[in-house]
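Following: one structure in structure tokens, then a few remarks.
Position 1 is the first residue of the sequence; numbering continues from there.
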Amino acid sequence: MGKLIVAEFMTLDGVAQSGGQPDEDTDGGFRYGGWHAPFLDLEASKVMLEGAQSMDALLLGRRTYDVFAAFWPNAPEEMPFTAVLNDVPKYVATRTLTEPLSWQGSTVLGQPLEESVAALKDRYEEVHVIGSLNLVQSLLRLRLVDRLDLWVDPIVLGTGKKVFGEGVPPTALRLVESVSYPNGVLHLAYETAGEPEYGTVG
């Protein structure tokens with residue numbers, strides 16, 4: 001069985017909402033969109049690209065699909081991620097979109113989610129999820145996530161949708177990679193490791 005790998009930009013207090021641009025996701029009156037832009041780093045971008053090049057399929061939620069589909073099909077070819085994202089098979093977890101989808105190589109993921117994602121993991125070695133916070137919440141609840149690639153920016157917002165929201169089950173994580181960058185960004189990669197252990201201190 002393949003692995004499902006989630007990649008998220010997040011703040012130190014766990015917020016991942018609308019990191020890329022001001023109007024990406026204004027749910028709940030969120031007004032801090034674009035908070036990740038000041039922390040763009042060439043070295044970190046190269047690492048992200050290397051990670052993305054290993055994916056065999058991309059799984060997206062509806063909102064992230066709409067944002068990506070509006071940009072990447074017509075993005076400049078010299079941009080590092082253009083070919084990677086346009087060429088990879090894409091699956092969209094949605095109850096509202098119907099095929100054919102506008103972005104070439106995109107398919108509506110079947111329901112129920114648990115069975116459909118399990119089928120993707122049987123078919124592909126690496127299935128990546130980028131952004132797609134609502135979808136990530138569901139994948140975490142269903143314990144379908146195998147690895148979390150978290151890019152943590154040195155900023156606290158105090159409000160907004162978080163990577164680990166209400167309802168995420170207790171899960172043990174194993175740190176497999178940790179890199180810090182000069183601008184204060186941390187790349188923390190975790191593999192899921194079953195149930196947490198509990199005990200007494202002292």
Side-chain angles (χ1 to χ4, degrees), residues 1-20 25 27-28 30 35-36 44 47-48 50-52 54-65 91-95 109-181 185-202:
M1 178 175 286
K3 292 184 177 181
L4 190 142
I5 300 170
V6 171
E8 295 286 351
F9 296 115
M10 58 181 274
T11 67
L12 193 60
D13 56 339
V15 176
Q17 183 174 353
S18 198
D25 180 0
D27 282 359
F30 188 74
W35 50 266
H36 174 65
V47 174
M48 293 175 206
E50 290 173 2
S54 70
M55 71 176 161
D56 302 299
L58 177 62
L59 174 60
L60 299 171
R62 164 66 190 272
R63 189 190 300 270
T64 300
Y65 170 81
Y91 295 87
V92 187
T94 176
R95 293 186 178 91
L109 188 71
Q111 297 292 330
L113 181 65
E114 184 172 11
E115 295 177 6
S116 297
V117 173
L120 289 183
K121 293 172 69 174
D122 280 338
R123 181 177 179 184
Y124 297 103
E125 189 70 23
E126 285 192 14
V127 180
H128 288 211
V129 180
I130 301 173
S132 308
L133 272 181
N134 291 337
L135 172 61
V136 168
Q137 300 296 308
S138 296
L139 296 172
L140 287 169
R141 284 193 293 269
L142 293 169
R143 299 188 183 277
L144 292 169
V145 176
D146 299 292
R147 176 180 166 121
L148 288 156
D149 274 319
L150 304 176
W151 298 84
V152 185
D153 291 349
I155 181 174
V156 174
L157 295 178
T159 186
K161 298 177 185 176
K162 297 187 176 184
V163 175
F164 303 103
E166 190 71 27
V168 171
T171 305
L173 300 173
R174 178 171 54 251
L175 183 67
V176 295
E177 187 174 352
S178 174
V179 180
S180 62
Y181 294 89
V185 172
L186 296 176
H187 176 212
L188 303 174
Y190 294 94
E191 292 180 351
T192 53
E195 296 285 344
E197 295 182 1
Y198 304 93
T200 300
V201 176

* Asked: Does the pair Leu150 and His187 meet the rule for a side chain to side chain contact (heavy atoms under 4.5 Å, CB included), with working shown?
  -> CA-CA 6 Å; Leu150 304 176; His187 176 212; over 6 Å; no
Among residues at least two apart in sequence or on other chains, which ones pass side-chain contact (heavy atoms from CB on, under 4.5 Å) with [X]?
X: Glu126; answer: Ile5, Ser54, Asp56, His128
X: Arg123; answer: Tyr91
X: Thr192; answer: Thr171, Leu173
X: Pro112; answer: Glu115

Set of side-chain hydrogen bond (donor to acceptor under 3.5 Å, both in side chains) partners for [X], sequence neighbours left out:
X: Tyr65; value: none
X: Ser116; value: none
X: Glu191; value: Arg174
X: Lys121; value: Asp146

Restricting to non-hydrogen atoms, name the atom on [X] and the atom on [Y] that form the minimum distance, rounded to 0.1 Å.
X: Pro170; Y: Tyr198; result: CB-OH, 3.7 Å
X: Leu135; Y: Gly61; result: CD2-N, 3.7 Å
X: Thr64; Y: Gly131; result: OG1-C, 4.0 Å

* Pairs flagged by salt bridge (charged side-chain N to carboxylate O under 4.0 Å, His left out) wherever residues 132-144 is involved - sequence neighbours left out ->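 Residue pairs passing salt bridge (charged side-chain N to carboxylate O under 4.0 Å, His left out), neighbours aside: Arg143-Glu195.
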* Quick one: which residue pairs count as a salt bridge (charged side-chain N to carboxylate O under 4.0 Å, His left out) with a foot in residues 127-138, not counting sequence neighbours? =>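 Counting only pairs at least two positions apart or across chains, no salt bridge (charged side-chain N to carboxylate O under 4.0 Å, His left out) contact touches residues 127-138.
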* Just how far is it from atom CG of Leu175 to atom CG of Leu148, taken to the nearest 0.5 Å? ->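 Here the interatomic distance stands at 11.5 Å.
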* Asked: How long is the span from the OG atom in Ser132 to the CD atom in Glu8, to the nearest 0.5 Å?
  ->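 Interatomic distance, Ser132 OG to Glu8 CD, rounded to 0.5 Å: 7.0 Å.
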* Candidate pair Leu58 and Ile130, rule side chain to side chain contact (heavy atoms under 4.5 Å, CB included), full reasoning -> CA-CA 8 Å; Leu58 177 62; Ile130 301 173; 3.9 Å; yes
* Would Glu125 and Lys3 count as a side chain to side chain contact (heavy atoms under 4.5 Å, CB included) if you check the C-alpha gap in whole Å, the side-chain angles of each, and the deciding distance to 0.1 Å? -> CA-CA 6 Å; Glu125 189 70 23; Lys3 292 184 177 181; over 6 Å; no
* To do: Please name all residues satisfying ring pair (Phe, Tyr, Trp, His ring centres under 6.0 Å) with Tyr190, sequence neighbours left out, ordered by chain then number.
  =>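 Tyr190: no ring pair (Phe, Tyr, Trp, His ring centres under 6.0 Å) contacts found.
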Side-chain contact, heavy-atom cut-off 4.5 Å: [X] with [Y]?
X: Tyr124; Y: Met1; result: no
X: Leu139; Y: Val117; result: yes
X: Leu109; Y: Thr94; result: no

Tell me which donor-acceptor pairs under 3.5 Å the side chains of residues 151-166 have, and how far apart each pair is, sequence neighbours excluded?
from: Asp153; atom 1: OD2; to: His36; atom 2: ND1; distance (Å): 2.7
from: Lys161; atom 1: NZ; to: Asp25; atom 2: OD2; distance (Å): 2.9
from: Lys161; atom 1: NZ; to: Asp27; atom 2: OD2; distance (Å): 3.0
from: Lys162; atom 1: NZ; to: Asp13; atom 2: O; distance (Å): 3.4

* Name the one of Val136, Leu144, Asp149 that satisfies side-chain contact (heavy atoms from CB on, under 4.5 Å) with Val6? ->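 Considering Val136, Leu144, Asp149, a side-chain contact (heavy atoms from CB on, under 4.5 Å) with Val6 is found only for Val136.
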